[in-house]
Amino acid sequence: MKILILNGSPRASESKTLKIASSFAKGLNYKNEHEVEIVNIYDCNINYCKGCYYCWNNEPGVCVIKDDMTLLIEKFLDVDIVIWCFPIYAFGMPSKLKLYLERLLPIDLPTMLERNDGGCVHAHRYKRAHHKYVMICSCGFYSKTNNCEPVIEQFSILYGKKVTKIICTESELFNISSYKVKIDRYLDSIEKAGVEYCNQGSISEKTKLLLSKKIVSPELYMKVANESWGID
């Protein structure tokens, strides 16, 4: 099985979210049977979509822009599991990862189809029935409320029941050494979720509940997070 981690953090290999995704991938690959590749999107040469529809009208499936997306699209289509990994910026994904998403246009057809939920969608150019998706994101707030809903909805629309979502709140704690034990314990639970996903294609309700628990109380988190920025 091939697993692709799309790391959308500007911090690249220093990303806190990548630590979470790497723990999940470690669980997925606990038998060392799978091929795992990490792509740091901010290290890639990805230009803006021109909106020219060359990939639909002139040379179907081929983008007119010659940059790293040519290879990245091949990687995307060639794997079994795509892990979208990113911190939440302004209630969405970081800009370059959104750019990557927009540049996936060549893998779809201009043909419109009606969705089961009453909306519409473009047909796939290539068969992707085997694809599974995991969305792993972190945020600096202690709550998902009025913060994470846009990306949760976006990935639900993109991939429906084929996507599993993991959201880590209180991510500022990753940078504070005194909370290392608690963070390591959280990452152990993430790894366990990866093992479960590998074995049964989903995460158990017990582990989901474990991952949804606050690492520290909201009151303590706000105090610690503010102090980490030098705010009294």
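Bear in mind that the values here come from a model prediction, so they are computed numbers and not experimental data.
Follow the hydrophobic side-chain contacts under 4.5 Å out from I157 and you never reach Y133; the two are in separate clusters. Follow the hydrophobic side-chain contacts under 4.5 Å out from L72 and you reach I107 in the same cluster. When the side chains of ILVMFWY residues are joined at heavy-atom separations under 4.5 Å, either directly or via intervening members, I166 and I38 end up in a single hydrophobic cluster. Linking Ile, Leu, Val, Met, Phe, Trp and Tyr residues whenever their side-chain heavy atoms come within less than 4.5 Å leaves L97 and I81 in two separate clusters. In the hydrophobic clustering of ILVMFWY residues, with side-chain heavy atoms under 4.5 Å counting as a link, I41 and L101 come out together.
Residue Q200 places its CD atom among more than 12 non-hydrogen atoms of other residues, nucleotides or ligands, all under 6.0 Å distant. Within a 6.0 Å radius of OH in Y53, other residues, nucleotides and ligands contribute 12 heavy atoms or fewer. Counting non-hydrogen atoms of neighbouring residues, nucleotides and ligands closer than 6.0 angstrom, the NZ atom of K213 reaches no more than 12 such neighbours.
Residues in residues 57-83 take part in these ring pair (Phe, Tyr, Trp, His ring centres under 6.0 Å) pairs, two or more places apart or across chains: F76-H131. The side-chain hydrogen bond (donor to acceptor under 3.5 Å, both in side chains) analysis of residues 140-156, with sequence neighbours excluded, yields the pairs S143-T145, S156-K165. Listed by first and then second residue, the ring pair (Phe, Tyr, Trp, His ring centres under 6.0 Å) pairs involving residues 209-232 amount to none (not counting sequence neighbours). For residues 160-198, every residue pair satisfying the ring pair (Phe, Tyr, Trp, His ring centres under 6.0 Å) rule, not counting sequence neighbours, is listed here: F24-Y197.
Between V79 and K2, the shortest heavy-atom distance links the atoms CB-O, 3.6 Å. Contact detail for C198 and L28: the closest heavy-atom pair is SG-O, 3.2 Å. Closest approach of V151 to G92, counting heavy atoms only: CG1-CA, 3.6 Å. Across all their heavy atoms, E172 and G140 have their closest contact at CG-O, 4.1 Å.
Using a distance-only test at 3.5 Å, with no hydrogens or angles considered, no donor-acceptor pair links the side chain of H130 to the main chain of D80. No donor-acceptor pair under 3.5 Å is formed between the side chain of R103 and the backbone N or O of Y48.
Listed by chain and number, the residues in a side chain to side chain donor-acceptor pair (under 3.5 Å) with E227 are K223 (sequence neighbours excluded). Taking the side-chain contact (heavy atoms from CB on, under 4.5 Å) definition, one finds that T111 meets it with L109, L113, A123, sequence neighbours left out. Residues satisfying the side-chain contact (heavy atoms from CB on, under 4.5 Å) test with E191, not counting sequence neighbours, are K26. Looking at residues two or more places apart in sequence or on another chain, you find a side-chain contact (heavy atoms from CB on, under 4.5 Å) between N29 and N32, H34, V36.
A salt bridge links K180 with D184: the distance from a Lys NZ or Arg NE/NH1/NH2 to an Asp or Glu carboxylate oxygen falls below 4.0 Å.
Using modelled atom types and a 3.5 Å distance limit, the side chains of D68 and N45 yield no donor-acceptor pair. No side-chain N or O of E196 forms a donor-acceptor pair with one of S202 less than 3.5 Å apart.
Applying the 4.5 Å side-chain rule to ILVMFWY residues, one finds that M112 remains a lone member of its cluster. Grouping Ile, Leu, Val, Met, Phe, Trp and Tyr residues whose side-chain heavy atoms lie under 4.5 Å apart, directly or via other members, places V195 in a hydrophobic cluster with Y30.
The distance from atom CZ of R125 to atom CG of L77, rounded to the nearest 0.5 Å, is 10.5 Å.
Residue C44 forms a side chain to side chain contact (heavy atoms under 4.5 Å, CB included) with just one option from L99, V39, D67, and that option is V39.
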Mind running side chain to side chain contact (heavy atoms under 4.5 Å, CB included) on C168 and E170 for me, showing each step along the way? CA-CA 7 Å; C168 173; E170 302 181 319; over 6 Å; no
Only distances under 3.5 Å count here; give the side-chain donor-acceptor pairs of residues 4-11 to other protein atoms, sequence neighbours excluded, each with its distance to 0.1 Å.
| residue | atom | partner | partner atom | Å |
| --- | --- | --- | --- | --- |
| N7 | OD1 | S9 | N | 3.2 |
| N7 | ND2 | A12 | O | 2.8 |
| N7 | ND2 | N40 | OD1 | 2.8 |
| S9 | OG | R11 | N | 3.1 |

Exercise answer: donor-acceptor pairs, residues 55-64 side-chain atoms, under 3.5 Å, sequence neighbours excluded:
| residue | atom | partner | partner atom | Å |
| --- | --- | --- | --- | --- |
| W56 | NE1 | D108 | O | 3.0 |
| E59 | OE1 | Y54 | OH | 2.9 |

